[in-house]
Structure formats: C-alpha cells, structure tokens
Colleague: 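Got a structure for you, questions after.
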Amino acid sequence: PDQFQYEGRMIFITNLSFDQYAPNSKLGTHMKAFRDRSVYLDLCLHTKRDIMAWVVNLVKKNHLLVQMDCSHEQENMILEFMKENRDKFEILSVRTAMALARHFTLFGDKWKETAIELFLKA
C-alpha cells in the first residue's frame, strides 16, 4: 500500500542529538518531522566527560564487568583506565568497557599495553 494508519507506539534510543543536523538539509527536515511527532528527551551527554560519567554509573550500578567474570577490583581498574584516557577513545560507551573487560581476560597482565595500542587514538 502507498499509505497506512499506524496506531502503535515506538521508542527510539540513540546517542545522536537531533539538533546536530542543519534544519534545511535533507536529513535535517526528516529529523525535524520525526521530532515533531515524538517526545524527545536529550540526556545531555554531549562531552566525553559526561559520557564517561554515565558509563561509570551504569557499569558500577549493574556490575556489568563483574557479570563478565571480572572482579570488582578489575572492574574499577578498567573504568579508571577509561577515565584517564577518555579523550583518546574513538568511541566511549558501555560497549567499550565491555570490550576492555574481554580484552583484560585475554591479555592478563599485559592488558593495558595492548589496550593502548588497540583502543586508543595515536
């Protein structure tokens, strides 16, 4: 059909700000239409500092890395590494913390040296 009536509800979760698109660009007009038809909540996580604080909160609150067989001490070491290097990560997210936890279990004592090579921008 060339049209239909949708009567359901959807939730979209994204880490992209709708405001970053130029209002008159092709994508910007679509984002404006999308925003006009939805409830929009900006978590205000626009800096690496803000994102890192949110990652630490989620990981510690839910013990996400402990669930991946890291000790609490190891979880703290990984989060501390992320905090110290937050501006050097290409992508900073909970998935990054989880990838570092897997990396930790693979490389043991050498995890930090190899993580610098694999995860951080030069």
Colleague: About how many Å separate CE of Met31 and OG of Ser38, when rounded to the nearest 0.5 Å?
Modeller: 10.0 Å
Colleague: Between Gln74 (side chain only) and Val66 (backbone N and O only), is there a donor and an acceptor less than 3.5 Å apart?
Modeller: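 Absent.
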Colleague: With rounding to the nearest 0.5 Å, note down the distance linking CZ in Arg37 to CZ in Arg35.
Modeller: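 Answer for the CZ-CZ pair, Arg37 versus Arg35, is 14.0 Å.
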Colleague: Using every non-hydrogen atom in the two residues, find where Ser25 and Gly28 come nearest and quote the distance to one decimal.
Modeller: OG-N, 2.9 Å
Colleague: One pair to check against side chain to side chain contact (heavy atoms under 4.5 Å, CB included): Lys88 and Phe119. What are the steps and the verdict?
Modeller: CA-CA 8 Å; Lys88 297 176 186 171; Phe119 289 89; over 6 Å; no
Colleague: Looking at Ile91, is its backbone amide N or carbonyl O close enough to the side chain of Thr96 to form a donor-acceptor pair, meaning the two atoms are under 3.5 Å apart?
Modeller: yes
Colleague: Give a yes or no on this: more than 12 heavy atoms of other residues, nucleotides or ligands lie within 6.0 Å of atom OH of Tyr6.
Modeller: yes
Colleague: Could you walk me through whether Leu92 and Met52 pass the side chain to side chain contact (heavy atoms under 4.5 Å, CB included) test, one step at a time?
Modeller: CA-CA 7 Å; Leu92 195 59; Met52 190 65 231; 3.9 Å; yes
Colleague: Evaluate Leu106 against Arg102 for side chain to side chain contact (heavy atoms under 4.5 Å, CB included), listing each step before the verdict.
Modeller: CA-CA 6 Å; Leu106 287 173; Arg102 287 188 295 275; 5.6 Å; no
Colleague: How far does CZ of Arg95 sit from CG of Leu100, to the nearest 0.5 angstrom?
Modeller: 13.5 Å
Colleague: Please give me the minimum heavy-atom distance between Lys26 and Thr29, naming the atom from each residue.
Modeller: O-OG1, 2.8 Å
Colleague: If Ile, Leu, Val, Met, Phe, Trp and Tyr residues are connected whenever their side-chain heavy atoms lie under 4.5 Å apart, and connections chain through other members, are Ile78 and Val56 in the same group?
Modeller: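 Yes, same cluster.
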Colleague: Work out which heavy atom in Leu65 is nearest to a heavy atom in Ala97; give both atom names and the distance.
Modeller: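 Answer, listing the atom of Leu65 first, then Ala97: CD2-O, 3.6 Å.
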Colleague: Quick one: does Phe89's side chain get under 4.5 Å of Lys121's, heavy atoms only?
Modeller: no
Colleague: For the residue pair Phe81 and Asn85, establish whether any side-chain heavy-atom pair is separated by less than 4.5 Å.
Modeller: yes
Colleague: If you draw a 6.0 Å radius around CG in Asp109, do more than 12 non-hydrogen atoms from other residues or ligands fall strictly inside?
Modeller: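 For Asp109, atom CG is not crowded (no more than 12 foreign heavy atoms under 6.0 Å).
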Colleague: Answer yes or no: is there an ion pair linking Lys83 with Glu80, defined by an N-O contact shorter than 4.0 Å?
Modeller: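 Salt bridge between Lys83 and Glu80, a charged N being under 4.0 Å from a carboxylate O: yes.
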Colleague: Give me the atom names and distance for the closest heavy-atom approach of Met82 to Ser93.
Modeller: CE-O, 3.8 Å
Colleague: What heavy-atom pair brings Glu75 and Cys70 nearest, and what distance separates the two atoms?
Modeller: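 In terms of heavy atoms, the two residues are closest at N-CB, 4.4 Å.
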Colleague: Find out whether Asp69 and Thr105 are in side-chain contact, i.e. whether some heavy atom of one side chain is under 4.5 Å from a heavy atom of the other.
Modeller: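 Contact flag for Asp69/Thr105 side chains = no.
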Colleague: Using only atom types and a distance under 3.5 Å, with no angle test, would you say the side chain of Asn76 pairs donor to acceptor with the backbone of His72?
Modeller: yes
Colleague: How about Met77 and Phe104: do any of their side-chain heavy atoms sit closer than 4.5 Å?
Modeller: yes
Colleague: Trp54 and Leu58: side chain to side chain contact (heavy atoms under 4.5 Å, CB included), yes or no, with the steps?
Modeller: CA-CA 6 Å; Trp54 186 246; Leu58 287 175; 3.2 Å; yes
Colleague: Might you point out which heavy atoms bring Asn62 and Gln67 nearest each other, and give the distance in Å?
Modeller: O-NE2, 2.7 Å
Colleague: Should the heavy atoms of other residues, nucleotides or ligands under 6.0 Å from CD of Glu73 be counted, would the total exceed 12?
Modeller: no
Colleague: Roughly how far, to the nearest 0.5 Å, is OG1 of Thr114 from CD of Glu117?
Modeller: 8.5 Å
